[in-house]
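As structure tokens, the structure follows; a few thoughts come after it.
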Amino acid sequence: MPRTIFVTGANQGLGMHTVHQLASTPDIVVFMGSRKLAAAQEALSKFASDVHASSAVIPVQLDITDKASIAAAHTLVSETLKERGILGLDVLINNAAIFVHSFEDTYATNVFGTVAMTEAFRPLLNNVNGGAILNISSGLGSMASYPKRPLPRPLFPAYASSKAALNMLTVQWAMQEEEKGSGIRVVSICPGYNATNLNNYAGTMSPADGCKVIVKAALEKDGKTGVFFNKDGENAW
């Protein structure tokens, strides 16, 4: 049975490289979410030759701030799984995010959009093949990472607080899944400071490297839940 994975915000940056690397492995069906379907199709064309013969990439139009778009994506994924005789979705990777000064816009995507996406797709998740919700967070969302004043770095209150909120959602959702006994893992992942459109390519890491911790977690069928980690191990909340 192939491993089925949905990646939001996957037409560029970490999301695109995550899809690329997942699809390069055997027996993977990865849904590539993108606000503009054409952008996902264009991104896929760049690495289509690397997709493993037993795997598939399916572009999906998805705007996580639009409930109608989420519903349409849910229908497409459900029908695709049914057509392929697959029981459900194994992994949801909540990668879509924005980095702007506006609290309203930031939270609309990074928090409320992620909640809407997760609530809509949670019924599709199962633990037959190692179910998981992977929330792509940031070290900026770790309150433990901030030293005593004065802070020797720029402040990004909207983005940083949205990722702190996402980390709390990880804890809450993990607790809910534990209470249900579902076996679904819920974790936060910090992929590092990657050079992507999100930060005007100012990052110090290549997203092709930064995504590896995400890919590894997506392919794993067991592990800890309710944790926050990066490539080097667990992060403090």
Side-chain angles (χ1 to χ4, degrees), residues 4-10 13-19 22 30-33 62-65 70 73 89-99 106-125 127 130-145 156 158-178 180 182-194 196 198 207 210-237:
T4 56
I5 303 168
F6 196 119
V7 185
T8 68
L14 282 165
M16 183 192 74
H17 286 282
T18 297
V19 171
L22 286 170
V30 56
F31 296 93
M32 187 179 192
L62 174 70
D63 178 350
I64 66 171
T65 67
I70 292 174
L89 188 67
D90 295 310
V91 182
L92 172 62
I93 302 179
N94 285 317
N95 171 70
I98 61 172
F99 191 118
T106 298
Y107 273 67
T109 297
N110 299 6
V111 181
F112 304 135
T114 298
V115 169
M117 180 68 187
T118 304
E119 290 182 343
F121 275 73
R122 172 58 188 86
L124 283 180
L125 288 171
N127 195 36
I133 298 170
L134 311 182
N135 293 325
I136 308 309
S137 186
S138 167
L140 291 174
S142 167
M143 285 189 275
S145 72
F156 307 103
Y159 181 79
S161 62
S162 76
K163 291 303 185 179
L166 180 64
N167 284 345
M168 178 54 75
L169 286 168
T170 292
V171 173
Q172 294 291 321
W173 288 338
M175 291 169 64
Q176 289 175 2
E177 297 301 334
E178 286 178 332
K180 288 187 247 181
S182 69
I184 302 292
R185 291 178 295 130
V186 189
V187 301
S188 280
I189 302 174
C190 172
Y193 188 33
N194 293 268
T196 67
L198 190 78
C211 76
K212 289 178 181 178
V213 65
I214 304 172
V215 172
K216 181 177 182 292
L219 293 176
E220 290 174 342
K221 296 185 179 181
D222 53 30
K224 290 184 177 180
T225 188
V227 293
F228 180 26
F229 60 89
N230 60 24
K231 64 182 179 60
D232 298 317
E234 290 192 25
N235 271 8
W237 296 104

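Residue Phe31 holds its CZ atom at 6.5 Å from OG1 of Thr4, rounded to the nearest 0.5 Å. The CD1 atom of Ile189 sits 4.0 Å away from atom CZ of Phe229, with the distance rounded to the nearest 0.5 Å. Atom CD1 of Ile133 and atom OG of Ser188 lie 11.0 Å apart (nearest 0.5 Å). Taken from CD in Gln176 to CD1 in Ile184, the straight-line distance is 12.5 Å, to the nearest 0.5 Å. Separation of atoms CD1 (Ile5) and OG1 (Thr18) is listed at 9.5 Å; rounding is to 0.5 Å. Atom CG in Leu134 sits 9.5 Å away from atom CD in Glu220 (nearest 0.5 Å).
Contact record, Phe228 with Ser138: CZ-O, 3.5 Å, taken as the closest heavy-atom pair. Taking each heavy atom of Gly130 and Val91 in turn, the nearest pair found is O-CG2, 4.3 Å. Taking every heavy atom of both residues into account, Asn110 and Ser162 meet most closely at ND2-OG, 3.1 Å. Here the closest heavy-atom approach between residue Thr114 and residue Trp173 is recorded as O-CH2, 4.2 Å. When all heavy atoms of Cys190 and Asn230 are compared, the pair lying nearest together is O-CB, 3.2 Å. When every heavy atom of Gly141 is checked against every heavy atom of Asn167, the shortest pair comes out as O-ND2, 3.4 Å.
Checked options Ile93, Val7, Asn94; the residue passing with Ile136 is Ile93 (criterion: side-chain contact (heavy atoms from CB on, under 4.5 Å)).
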Could you go step by step and tell me if Met16 and Met32 meet the side chain to side chain contact (heavy atoms under 4.5 Å, CB included) rule? CA-CA 8 Å; Met16 183 192 74; Met32 187 179 192; 4.3 Å; yes
Decide side chain to side chain contact (heavy atoms under 4.5 Å, CB included) for Thr65 and Phe112; before the verdict, give the C-alpha distance in whole Å, the side-chain angles of both, and the deciding distance to 0.1 Å. CA-CA 7 Å; Thr65 67; Phe112 304 135; over 6 Å; no
Does Leu62 form a side chain to side chain contact (heavy atoms under 4.5 Å, CB included) with Met117? I'd like the steps, not just the answer. CA-CA 10 Å; Leu62 174 70; Met117 180 68 187; 3.8 Å; yes
Applying salt bridge (Lys or Arg N to Asp or Glu O under 4.0 Å), run through Glu177 and Arg185 and close with a yes or a no. CA-CA 8 Å; Glu177 297 301 334; Arg185 291 178 295 130; over 6 Å; no
Does Met143 form a side chain to side chain contact (heavy atoms under 4.5 Å, CB included) with Ser161? I'd like the steps, not just the answer. CA-CA 9 Å; Met143 285 189 275; Ser161 62; over 6 Å; no
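Lys231 pairs by the salt bridge (charged side-chain N to carboxylate O under 4.0 Å, His left out) definition with nothing, not counting sequence neighbours. Taking the ring-ring contact (aromatic ring centres under 6.0 Å, His included) definition, one finds that Tyr107 meets it with nothing, sequence neighbours left out. Under the salt bridge (charged side-chain N to carboxylate O under 4.0 Å, His left out) criterion, Glu178 pairs with no residue, sequence neighbours left out.
Between the side chain of Thr106 and the backbone N or O of Ala158 there is no donor-acceptor pair closer than 3.5 Å.
Counting non-hydrogen atoms of neighbouring residues, nucleotides and ligands closer than 6.0 angstrom, the NZ atom of Lys180 exceeds 12 such neighbours.
In this structure, a donor-acceptor pair under 3.5 Å is absent between the side chains of Ser142 and Asn235. Side-chain N/O atoms of Thr170 and Asn135 include a donor and acceptor closer than 3.5 Å.
By the 4.5 Å heavy-atom criterion applied to side chains, Lys216 and Cys211 are not counted as neighbours.
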